[in-house]
Amino acid sequence: MASLSLGLSLSRKKNALRNAAVERKNLLTVCRLSVKTLIDRSCFETIDDSAPEFVNFASILEQILSHRLKGQITWFGYESPRSFWDYIRVACSKVSHSCICSIENMENVSSSRAKGRAWIRVALMEKRLSEYITAALRDYKTTRRFYDDGAIVLGEEANMLAGMLLGLNAIDFSFCLKGEGLDGNYPAVIDYTPYLKFTQSSDSISSDEEELRTLGSSGSESSTPENIGPPFIMDENSWYNKCKRVEQKYRLALEQKGYLEELVRLREAQLSESVSQNKLLLQRIEGIGLNHKLEKEQLEYIIVELQDQLKRFHSLGPLSADASLSQISFDPGQSQDGNGKQGGSHLSEGKEDTPSLLGLCGSLTSVASYKSLTSLKSSEYLASPTTDMTSPGLTPS
């Protein structure tokens, strides 16, 4: 009796392990097929809440995340059911720029199951569902706290799940977060019929005929294989649907081709305009550089002239003072009589410096000073040495 009970317990345990492995494999296989159908459907139209492919995918993902999820222990020791949103809310709380807080604060979504369904839709619209799942699986401590042994998220299949969901980032989803799909009063149910359709291939027609010959009755002519039409004739509707899909893909490709060609023409026009503007800017830069160069040469020439004139004034010495005295003596506004002129000339002969002429030099970099210095070259303001020697104002009395 002991050996019999031990054998029964071992067989039960073996069957339980097998059933858990088959359940995990079925869910992951159906999830992979649902992702493929979503990608195929997105080639023709935008995926929204009304698409049956999305409804099935959301149900599959919900059951995967709820597989062997631990219940919540109440104050009295009872275990109440828990939604996968409780796990996602804790495991994905550290994800940068996550939508967890916004979903938690939604007013029209109250139940935990509805918040989990809203999170699936928002993550798909953000193209970050695979990122959220990967971040949650990395927090192994939290995952162990929420799930029992044998769960999909605790096994090696979890990495496969994150890789499957990565292909959904190429799809543009559009969902309404106020629809009936967020109702958390009913559980998600998977529709397996889209993935159980069997299409007869042309290579297997002969083998089916052989089976019908061997299994058919030789006495009845109605059961002979000759009276049975080939399977591909009965599957004419599927061929029509395939041709229609190919035609839709071709039209979509033509529309995309026209859009891309128009976009290329627009970019070429913008590029040519940018090139012409660049050429104009380069010409303006060259003109401004040439003007700056000419102005620099003129300023350098002015500086050299001012330095030369300054050296000349310093080399003149007392002669410049005599020239200033002669200028004062011939000024009719100073005095009317000759005695005043001679007195002024005798007073000026004792000066060695000529601050009045030095003040006329001004700054070396001033154009106005340059003009004042050039004006000093004229005989009206600066007398030549020959005239200074014969001027009557400088003759000794």
Side-chain angles (χ1 to χ4, degrees), residues 96-97 260-397:
S96 60
H97 306 288
L260 292 176
E261 289 178 352
E262 183 66 24
L263 188 63
V264 167
R265 284 194 292 268
L266 180 62
R267 293 293 182 268
E268 287 179 351
Q270 292 178 353
L271 181 61
S272 62
E273 184 179 358
S274 300
V275 169
S276 61
Q277 291 180 358
N278 190 19
K279 289 181 179 179
L280 292 176
L281 290 175
L282 290 176
Q283 291 178 359
R284 291 181 60 184
I285 290 172
E286 290 178 358
I288 292 172
L290 184 59
N291 292 334
H292 287 175
K293 187 177 180 180
L294 292 176
E295 290 178 359
K296 183 180 178 181
E297 292 178 355
Q298 291 177 358
L299 291 174
E300 289 177 353
Y301 177 75
I302 291 172
I303 291 172
V304 171
E305 288 291 330
L306 289 173
Q307 290 177 351
D308 292 341
Q309 292 183 12
L310 187 60
K311 290 178 181 179
R312 291 176 185 175
F313 282 120
H314 282 295
S315 62
L316 288 177
L319 186 60
S320 61
D322 295 338
S324 61
L325 290 175
S326 64
Q327 183 178 358
I328 294 172
S329 62
F330 283 106
D331 190 359
Q334 296 290 333
S335 175
Q336 295 293 331
D337 54 342
N339 294 328
K341 293 178 183 180
Q342 292 179 359
S345 63
H346 285 296
L347 290 173
S348 300
E349 284 179 355
K351 294 183 181 180
E352 295 180 356
D353 298 328
T354 56
S356 61
L357 291 177
L358 291 175
L360 290 174
C361 296
S363 176
L364 293 177
T365 59
S366 175
V367 180
S369 301
Y370 171 73
K371 291 181 179 180
S372 62
L373 289 173
T374 53
S375 62
L376 289 174
K377 293 181 180 180
S378 61
S379 59
E380 184 180 355
Y381 295 95
L382 181 63
S384 61
T386 56
T387 57
D388 291 339
M389 298 299 295
T390 57
S391 65
L394 295 178
T395 54
S397 57

**Q.** Interatomic spacing from CD in Glu295 to CG in Leu290 - rounded to 0.5 Å
**A.**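 Reported to 0.5 Å precision, the distance equals 10.0 Å.
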Q.
To the closest 0.5 Å, what do you measure between CG (Asp308) and NZ (Lys311)?
A. 6.0 Å
Q. Who pairs with Ile288 by side chain to side chain contact (heavy atoms under 4.5 Å, CB included), at least two apart in sequence or on another chain?
A.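 Ile288 satisfies side chain to side chain contact (heavy atoms under 4.5 Å, CB included) with His292 only.
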Going by atom type alone, with no hydrogens or angles, which donor-acceptor pairs under 3.5 Å involve a side-chain atom of residues 268-280 and a protein atom two or more places apart or on another chain?
| unit_1 | atom_1 | unit_2 | atom_2 | d |
| --- | --- | --- | --- | --- |
| Ser272 | OG | Glu268 | O | 3.3 |
| Ser272 | OG | Ala269 | O | 2.7 |
| Ser274 | OG | Gln270 | O | 2.8 |
| Ser276 | OG | Ser272 | O | 3.4 |
| Ser276 | OG | Glu273 | O | 2.7 |

Q. Under the side-chain hydrogen bond (donor to acceptor under 3.5 Å, both in side chains) test, which residues partner Arg265, sequence neighbours left out?
A. Glu262
(Q) If the condition is side-chain hydrogen bond (donor to acceptor under 3.5 Å, both in side chains), which residues does Glu297 pass it with, not counting sequence neighbours? (A) none
Q: For Glu300, enumerate each residue passing the salt bridge (Lys or Arg N to Asp or Glu O under 4.0 Å) test, keeping only those at least two apart in sequence or located in another chain.
A: none
